[in-house]
Amino acid sequence: MVTIADVARHAGVAPSTVSYVLTGRRSISSATKARVEASVRALGYHPHAGARSLASNRANVLALVLPVREGMNMPVLMQFVVAVANAARRHEHDVLLVTADQGAAGLRRVAGSAQVDGLLVMDVEMHDERVPVLRELDRPSVLIGFPADAAGLTCVDLDFAEAGARCVDHLADLGHASVALVGAPRAVYQRDTGFAHRTMAGFSAAAMRRGVASTTLPTEPDHESVRVAITGLLDRHPAVTGLVVHNEAALPSVVEVLRTLGRKVPDDVAVVAICPDDLAERMTPPLTSVAVPAEQLGHHAVALLMAKLDRTPTPPLTLLPPRLTERASTAR
DNA sequence: GGGATTTAAGGCAGTGAAAG
DNA sequence: CTTTCACTGCCTTAAATCCC
């Protein structure tokens, strides 16, 4: 294995000089720097990660804590994972994906063993058992999502309450007087997951405010469940002419079921989705949607965590404002 | 004097030898 | 057999030194 000593010998300098060239923490003459860099390339040197973290007390690894649970939509989660990994890489960090460990034990393990410098935590519940642990840990953390009590934490999220409200406002503006929220699977609400809870609250409050009749139904994503749910909904509430769908996996089935029921979109039923833009654009017809900006959220979360690692003060809660894009599913 | 470079210490976990 | 202790690994960093 090529070590920093080999590079130093090859370049005719001290090991510490190589280190300073590599980290850029001290000024090095351009001639020396060029020689060292040439030696690094010539020998194919890569710093030994273990030794580096031993000496610097930095692992250059971030934990992405993402318990994979019932009712989660993998394609959307992957957008977050990719965004986080790419952003971390731009800050010279790698990502340790923590999925298997349930709750607090997993946090303690990766933080306590100095495997990671900081933690990004996803799928945050309103009363999340991991939150008190995060406050205790000696490693900084950023939550994508936020619990009921976010005191002392750094959180970033889409403003899902406002997202739910924007959907209702859009439908109300178009003259719809009765709307329904086709929500996440029941298990997601039972866990009291923050984003699902807030979307529903924002949806209901806006409907009340606008004097629009509203109903909500948690929905399992498989086609048959969607068929039963939508059919039942339109039977019980024949006046419903607007659907807000906050369930990416169910989205194709919702559109398909409406078609088989002979309900034209948007003429008979208007549909607004809360989902990533690419998904809304791919549907037939393309759906009006409030974007779930996975890329942006992931980047933002990493930037906040980097700031905390540098001991730069960070805002406790960053809520991205929802952006609604009109497409064919709600045309006037 | 001041920028460039080197020296030396030390970070943590594990290993093997010596001492008990 | 258990305990102790020096030492290794690879790197970073504060302090010391070099040299124009």
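A note on names: the letters A, B, ... follow the listed sequences, proteins ahead of strands, and every chain is numbered from 1.
Residue contacts for Ser53(A): at a heavy-atom cut-off of 4.0 Å it reaches no nucleic acid atom on any strand shown. Nucleic acid contact for Ser16(A): base, since at least one base atom lies under 4.0 Å from a heavy atom of the residue. Ser29(A) comes within 4.0 angstrom of the backbone, heavy atoms only, and of no base.
Checked against Arg263(A) for a side-chain contact (heavy atoms from CB on, under 4.5 Å), the options Leu234(A), Thr241(A), Ile230(A), Val257(A) give a single hit: Leu234(A).
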Criterion side-chain hydrogen bond (donor to acceptor under 3.5 Å, both in side chains) on Thr32(A) and Ser29(A), from CA distance to verdict: CA-CA 5 Å; Thr32(A) 303; Ser29(A) 70; 2.8 Å; yes
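A 6.0 Å sphere centred on NZ of Lys308(A) holds more than 12 heavy atoms belonging to other residues, nucleotides or ligands.
When the P atom of dC11(C) is taken as reference, atom CG of Leu22(A) falls 9 Å away, rounded to whole Å. The separation between Arg26(A) atom CZ and dA16(C) atom P is 12 Å, rounded to whole Å. Rounded to an integer number of Å, the gap from Met1(A) CE to dT8(C) P is 16 Å. Rounded to a whole Å, the CG atom of Asn60(A) is 12 Å from the C1' atom of dT12(C). As rounded to whole Å, 11 Å separates atom P of dC10(C) from atom CD1 of Ile4(A). Computed from coordinates, the Asp6(A) CG to dC10(C) P distance equals 9 Å when rounded to whole Å.
For the pair Ser19(A) and dT12(C), the criterion of a side-chain N or O lying under 4.0 Å from OP1 or OP2 is met. Checking the phosphate oxygens (OP1, OP2) of dA14(C), no side-chain nitrogen or oxygen of Tyr20(A) falls inside 4.0 Å. Distances shorter than 4.0 Å separate none of the side-chain N or O atoms of Arg52(A) from OP1 or OP2 on dC10(C).
Ion pairing between a basic and an acidic side chain is recognised when a charged N comes within 4.0 Å of a carboxylate O; Arg186(A) and Glu70(A) show no such pairing. A salt bridge does not link Asp123(A) with Arg130(A): none of the charged nitrogens is closer than 4.0 Å to a carboxylate oxygen.
Ring geometry for Phe160(A) versus Phe195(A): interplanar angle of 30 to 60°, hence tilted.
For Arg198(A) and Phe203(A), the positive end is not near the middle of the six-membered ring at less than 6.0 Å and at most 45° from its axis.
Closest approach to the Leu54(A) side chain among dC11(C), dG9(C), dA14(C) is made by dG9(C) (side chain taken as heavy atoms from C-beta onward).
For DNA chain B, the contact window with chain A, defined by any atom under 4.0 Å from a protein heavy atom, covers dA4(B) to dC12(B) in 5' to 3' order.
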